[in-house]
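Since the structure comes first, as structure tokens, the remarks are kept for the end.
The chains referred to below are lettered A, B, ... by the order of the sequence lines, with proteins before strands, and numbering in each begins at 1. In this text the structure is predicted, and so the values were computed from the model without any measurement.
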Protein chains: 2
Amino acid sequence: MPRPNPPVSRARPCDTCPHRSTSLCNFLLDGAGGSATQIWQEHKTARSRQILYRAGTHLEHVLVLCEGWAHRFVSLSGGHRMILSFLLPGDMMTATAPFSDRISSSIQMVTAGRYCLLRRVDVLQTLSGTDSALTGWGQHIKTQQENLEQQLVDIGRRSAEERIARLVLRIVQRLEQHESQSKREFSFPLTQQHIADATGLTPIHVSRTLNVFRQKEIMSLSHSFLAIHNMRMLHHIADMEPPADD
Amino acid sequence: MPRPNPPVSRARPCDTCPHRSTSLCNFLLDGAGGSATQIWQEHKTARSRQILYRAGTHLEHVLVLCEGWAHRFVSLSGGHRMILSFLLPGDMMTATAPFSDRISSSIQMVTAGRYCLLRRVDVLQTLSGTDSALTGWGQHIKTQQENLEQQLVDIGRRSAEERIARLVLRIVQRLEQHESQSKREFSFPLTQQHIADATGLTPIHVSRTLNVFRQKEIMSLSHSFLAIHNMRMLHHIADMEPPADD
DNA sequence: CGTCACCTTGAAATTAGTCAATGGACGTGG
DNA sequence: CCACGTCCATTGACTAATTTCAAGGTGACG
């Protein structure tokens, strides 16, 4: 395996990505050490609503979302669709990919965006060779699994209002992590169909529920824009702890 | 890394466990190599319905179930309960534990049983030092995540009949993996409350649905005993591929 | 023989889904 | 600038699935 001295000053592709500051990417870049110039395979752009990969497909890469929103989903024989998770910039789209060459869920863009590919064998090698990469990845997997479990609880045992309130709050919290300050207004590109498919409801019922929130002046979502008017009440409906600073 | 000839004949605790043959445990024992006598910390017995650990608790061990059935669950403020997964002999009860000292779901026995504890730092060291252990564990994590995602789809987008049929079939398939032959009758210790909490239904509705299955002579579940009378029909209801040998 | 956990059944209430029609926003091409 | 198509959101009336409430039954076990 030839390893000619890489030109040190050459920028690695993701150094310019908005997500570069997230720990998720750092542990891979840092772990890869000298071979870091190699691990980033390629960048690709994607249109809104484009399906990047379909469940069951062969896939030799780990995908990281750089710009835009996306989601992982499964479609059923009856034509129904279930969204398993939403993906925001910086998210690993295929967290278990290092250990399998088959993808078990489909991936679709919500907005237009950009993502990059890492060869899964390279990632696997980095994980097995670097303790910090392994623990970083382990934490990420753990978080992701806890999110799935939370959703399972929400969909299994909570009302429509609770589900929607929790979905929105969880996304808002993720958005704020990157911004490191709390906001009340967001660009929010999910359609009511997206929300329905993520909460196990019908879009009609999502529409009605959002209307209730709007009329109670809790939050209003329209035209890809979300405004939270009563954060405390929203947390109360979601059965979540309100933030300390409010 | 010293590898003194270990006393070959000395039995390790889990060598006598019924689950010892599962790959899940092998990758840890094999990976641990010479230190394998150390990694198995301790065995404990548990009574039926005993709660082993509560969500949010500090936990320095990875738990492996040796005998009996158990489940991981979360309880809500309203008194509701959601079961995230059922655990059968040989299952790792805390798969992400190597990377965290806090457990995010509670664990409760369904039947009486026995389990063993592995220090999580030992497991982590094995994972980072042994490629086969890492890939084995990665596969396991991936399977577990896919199961969670399947449940999410089931609960979000399927009817009560489908959910129950799928839950039963998935458990039956796991039971058959160990037995390596397909059966039609099983000892099945889950109560209707368990099934309800795992499918997001009420026990009343589970009772009615099981009655429908009984009257249609598809399967009958009573007194901790499950008999499948029409495997093909059960697969059809579950929207799953029927087994080839039937 | 009583108790406890578990299961069953019926009737009423509620939540969420289905069907169907309408309207708004936005981009595209004439 | 307008006409058109497409995607998205809304509304009402109706229906279906599931929950809730309440009561009673069964089986195991000390």
Side-chain angles (χ1 to χ4, degrees), chain A residues 47-51 69 76 78-83 108-112 154-165 167-168 187-215 219-227 237, chain B residues 47-51 69 76 78-83 108-112 154-165 167 187-215 219-226 237:
Chain A
R47 297 185 317 280
S48 173
R49 258 166 287 155
Q50 184 179 340
I51 292 181
W69 291 29
L76 298 190
H80 279 157
R81 183 177 75 160
M82 183 81 203
I83 292 181
Q108 183 173 25
M109 297 302 295
V110 173
T111 67
D154 291 353
I155 292 179
R157 287 292 184 224
R158 290 185 192 275
S159 70
E161 291 199 359
E162 284 178 291
R163 295 187 213 179
I164 293 176
L167 173 66
V168 168
S187 174
F188 199 89
L190 302 187
T191 65
Q192 294 184 358
Q193 183 73 58
H194 284 127
I195 297 175
D197 287 338
T199 52
L201 301 165
T202 28
I204 291 103
H205 199 60
V206 171
S207 176
R208 289 195 236 267
T209 306
L210 287 179
N211 245 322
V212 171
F213 287 158
R214 207 172 291 135
Q215 278 166 16
M219 69 175 181
S220 53
L221 171 53
S222 62
H223 306 280
S224 299
F225 189 82
L226 170 72
I237 290 175
Chain B
R47 298 184 317 279
S48 171
R49 255 165 289 155
Q50 183 180 341
I51 293 181
W69 292 28
L76 298 190
H80 281 156
R81 184 177 74 161
M82 184 80 202
I83 291 179
Q108 181 173 26
M109 297 302 296
V110 171
T111 68
D154 292 352
I155 293 179
R157 287 291 185 224
R158 289 184 191 277
S159 69
E161 290 198 1
E162 285 179 290
R163 296 187 211 178
I164 293 175
L167 174 67
S187 174
F188 198 90
L190 301 187
T191 65
Q192 295 184 356
Q193 182 72 58
H194 284 127
I195 297 174
D197 288 338
T199 52
L201 301 166
T202 37
I204 292 104
H205 199 58
V206 171
S207 174
R208 290 195 236 268
T209 307
L210 287 179
N211 243 323
V212 170
F213 287 157
R214 207 172 291 136
Q215 277 165 17
M219 69 176 181
S220 52
L221 171 52
S222 61
H223 307 279
S224 299
F225 189 81
L226 169 72
I237 291 175

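Rounding to the nearest 0.5 Å places CG of B/Leu167 at 13.0 Å from CZ of B/Arg158. Taken to the nearest 0.5 Å, the CG atom of A/Leu201 stands 11.0 Å off from the CD atom of A/Glu161.
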>> Does A/Arg214 form a side-chain hydrogen bond (donor to acceptor under 3.5 Å, both in side chains) with A/Asn211? I'd like the steps, not just the answer.
In response: CA-CA 5 Å; A/Arg214 207 172 291 135; A/Asn211 245 322; 3.2 Å; yes
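Taking 4.5 Å as the limit, every side-chain heavy atom of B/Arg163 sits out of range of all side-chain heavy atoms of B/Arg157. In this structure, A/Leu76 and B/Glu162 have side chains that are not in contact, with every pair of non-hydrogen atoms separated by 4.5 Å or more. When side chains are defined from C-beta on, A/Ile237 does not count as touching A/Met219, because their heavy atoms never get closer than 4.5 Å.
Only one option out of A/Ser187, A/Ser224, A/Pro189 pairs with A/Thr111 in a side-chain contact (heavy atoms from CB on, under 4.5 Å); it is A/Pro189.
Taking both residues in full, the closest heavy atoms of A/Arg47 and A/Met109 are given as O-CB, 3.4 Å, listed atom of the first, atom of the second, then distance. When all heavy atoms are compared, the tightest approach of A/Leu221 to A/Phe188 is CD1-CD2, 3.8 Å.
Contacts between residues 203-212 of chain B and DNA chain D, defined by a heavy-atom separation under 4.0 Å, are made by B/Ile204, B/His205, B/Arg208.
Looking only at distances, a side-chain donor or acceptor of A/Thr209 sits under 3.5 Å from a matching main-chain atom of A/His205.
Within the 4.0 angstrom heavy-atom criterion, no nucleotide atom of any strand lies near A/Ser222. If you check every strand for non-hydrogen atoms under 4.0 Å, B/Arg49 touches sugar and phosphate atoms only.
Boundaries of the chain A contact region on DNA chain D are D/dC7 to D/dA13, first to last in 5' to 3' order (nucleotide atom under 4.0 Å from a heavy atom). Of all nucleotides in DNA chain C, those with any atom nearer than 4.0 Å to a heavy atom of chain A start and finish, going 5' to 3', at C/dA16 to C/dA25.
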